[in-house]
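First up is the structure itself, then whatever we jot down about it.
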Amino acid sequence: MSILGTYAFLRKGVVGVIICSVKAKVKLAVIGVLGVIAAALITMIIFLNFKGETWVVVAGLEYSVQAGENEQRIAFFKQFGWEVSEQPLSVEEVVIPQEFNAVYERYNQLQKSQGMDLTKYVGKTVKKVVYEILNYQRQDTIVYGTLLIYDNKVIGGDISSAELNGFMCGFMGESGAVSMVKSAAIINEDAIEEATAQPHGDIQQDAYPID
């Protein structure tokens, strides 16, 4: 092989080595960037899932919905400025119906106004826990705080007065975006009959939708 041919061969080899080296570095850089992006996406997904499960946004503010323990439920009400009885007045299970009637549709409007939606839990058995509100502005009015709980988290609820034609509103109170007047116009006759059949001192059944 001539000197010129040897030089050309070596030159091609050197160029080949340089090209391979550059490609390897580019691949490593790309892999590194993709790894960082993947880690960021995973972190974001975990964060969003966590926030979505344990927090809701009401009037631009975030509130914890953890409610597995009695203390957490009391703390939930405190976030909205409510003081409640140390122990619930009643705890029972209710089933969110597969299809909503007019009462449930109206009630779910109230839930949506406070960052919740009962349509996500159709057919599910949820826990309904009722407390007495102790610091309502009118001392002569009995007011209840109702929580609907699924998987140890608040998925809905309301603040309502005990009177048949009283008020029902979201956790933000009567000044909230949506409120309901409990009257025969939105409460079916069966619910009213059940409400009047409740023993004195128990939560009135018309304070929330029932099957």
Side-chain angles (χ1 to χ4, degrees), residues 52-54 56 58 63-77 79-80 82 84-133 142-173 176 178-211:
E53 289 182 355
T54 60
V56 296
V58 183
Y63 296 91
S64 171
V65 294
Q66 292 285 3
E69 303 294 335
N70 185 58
E71 292 76 12
Q72 292 176 324
R73 298 165 194 163
I74 293 175
F76 175 85
F77 283 112
Q79 294 177 112
F80 299 92
W82 299 115
V84 299
S85 51
E86 293 185 3
Q87 297 297 326
L89 299 179
S90 65
V91 179
E92 60 181 298
E93 292 185 341
V94 296
V95 178
I96 306 299
Q98 292 285 352
E99 296 184 4
F100 287 6
N101 57 20
V103 177
Y104 252 98
E105 288 288 355
R106 183 75 183 275
Y107 190 70
N108 201 40
Q109 289 179 15
L110 182 65
Q111 305 314 312
K112 289 180 178 179
S113 75
Q114 52 189 12
M116 302 175 184
D117 186 357
L118 295 179
T119 61
K120 298 178 181 179
Y121 305 94
V122 294
K124 302 292 186 182
T125 299
V126 305
K127 183 181 295 184
K128 182 174 69 65
V129 185
V130 180
Y131 291 82
E132 182 177 358
I133 300 294
I142 300 175
V143 178
Y144 300 110
T146 299
L147 300 179
L148 298 178
I149 300 171
Y150 182 77
D151 194 23
N152 295 326
K153 299 177 183 64
V154 177
I155 63 168
D158 61 80
I159 304 298
S160 62
S161 58
E163 294 85 358
L164 182 61
N165 293 315
F167 70 86
M168 176 182 287
C169 59
F171 299 121
M172 293 293 290
V178 178
S179 63
M180 298 171 63
V181 176
K182 297 185 299 180
S183 66
I186 62 172
I187 303 296
N188 58 41
E189 294 181 357
D190 291 339
I192 294 175
E193 290 177 1
E194 289 188 27
T196 57
Q198 293 301 308
H200 181 71
D202 196 5
I203 178 69
Q204 301 234 5
Q205 293 295 312
D206 70 315
Y208 49 86
I210 61 173
D211 297 336

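The closest side-chain heavy-atom distance from Pro88 to Val130 is not below 4.5 Å. Considering only heavy atoms from C-beta on, Arg106 stays 4.5 Å or farther from Leu110 through its side chain. Side-chain contact check for Ile96 versus Tyr150: every heavy-atom pair is 4.5 Å or farther apart. Side-chain contact between Lys127 and Leu148: absent, with no pair of heavy atoms (C-beta onward) separated by less than 4.5 Å. For the pair Leu147/Arg73, a side-chain contact is recorded, criterion being any heavy-atom separation below 4.5 Å from C-beta on. Considering only heavy atoms from C-beta on, Val94 stays 4.5 Å or farther from Thr125 through its side chain.
Not counting sequence neighbours, Glu132 has no partner by the side-chain hydrogen bond (donor to acceptor under 3.5 Å, both in side chains) test. The ring pair (Phe, Tyr, Trp, His ring centres under 6.0 Å) test applied to Phe76 returns Phe80, Phe171, not counting sequence neighbours.
Taking CE of Met172 as the start and CD of Gln79 as the end, the distance is 11.5 Å to the nearest 0.5 Å.
Panel note: side chain Asp158, backbone Met168; no donor-acceptor pair is recorded below 3.5 Å. Formation of a donor-acceptor pair under 3.5 Å by the Gln66 side chain with backbone atoms of Lys153 is not found in this model. Using modelled atom types, one side-chain atom of Gln72 and one backbone atom of Gly68 make a donor-acceptor pair closer than 3.5 Å.
With no hydrogens or angles considered, no side-chain donor-acceptor pair links Asp151 and Tyr121 at under 3.5 Å. Glu163 and Ser161 share a donor-acceptor pair across their side chains, judged by distance under 3.5 Å alone.
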Trace of the salt bridge (Lys or Arg N to Asp or Glu O under 4.0 Å) decision for Lys128 with Glu92:
CA-CA 5 Å; Lys128 182 174 69 65; Glu92 60 181 298; 3.1 Å; yes
Check the pair Phe77 / Tyr131 against side-chain contact (heavy atoms from CB on, under 4.5 Å), numbers first and verdict last.
CA-CA 10 Å; Phe77 283 112; Tyr131 291 82; 3.6 Å; yes
Intermediate values then yes/no, side-chain contact (heavy atoms from CB on, under 4.5 Å), Asn108 and Lys112:
CA-CA 6 Å; Asn108 201 40; Lys112 289 180 178 179; 3.5 Å; yes
side-chain contact (heavy atoms from CB on, under 4.5 Å) evaluation trace for Leu118 with Ile155
CA-CA 7 Å; Leu118 295 179; Ile155 63 168; 4.1 Å; yes
For Val65 and Met116, run side-chain contact (heavy atoms from CB on, under 4.5 Å): C-alpha distance rounded to whole Å, both residues' side-chain angles, the deciding distance at 0.1 Å, then the answer.
CA-CA 10 Å; Val65 294; Met116 302 175 184; 4.1 Å; yes
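Of all the heavy atoms in Val154 and Ala67, the pair that sits closest is CG2-CB, 3.6 Å. The heavy-atom pair separating Ser85 from Ile74 by the smallest distance is O-CD1, 4.1 Å.
Relative orientation of the Phe100 and Tyr104 rings is tilted, given thresholds of 30° and 60° on the angle between their planes.
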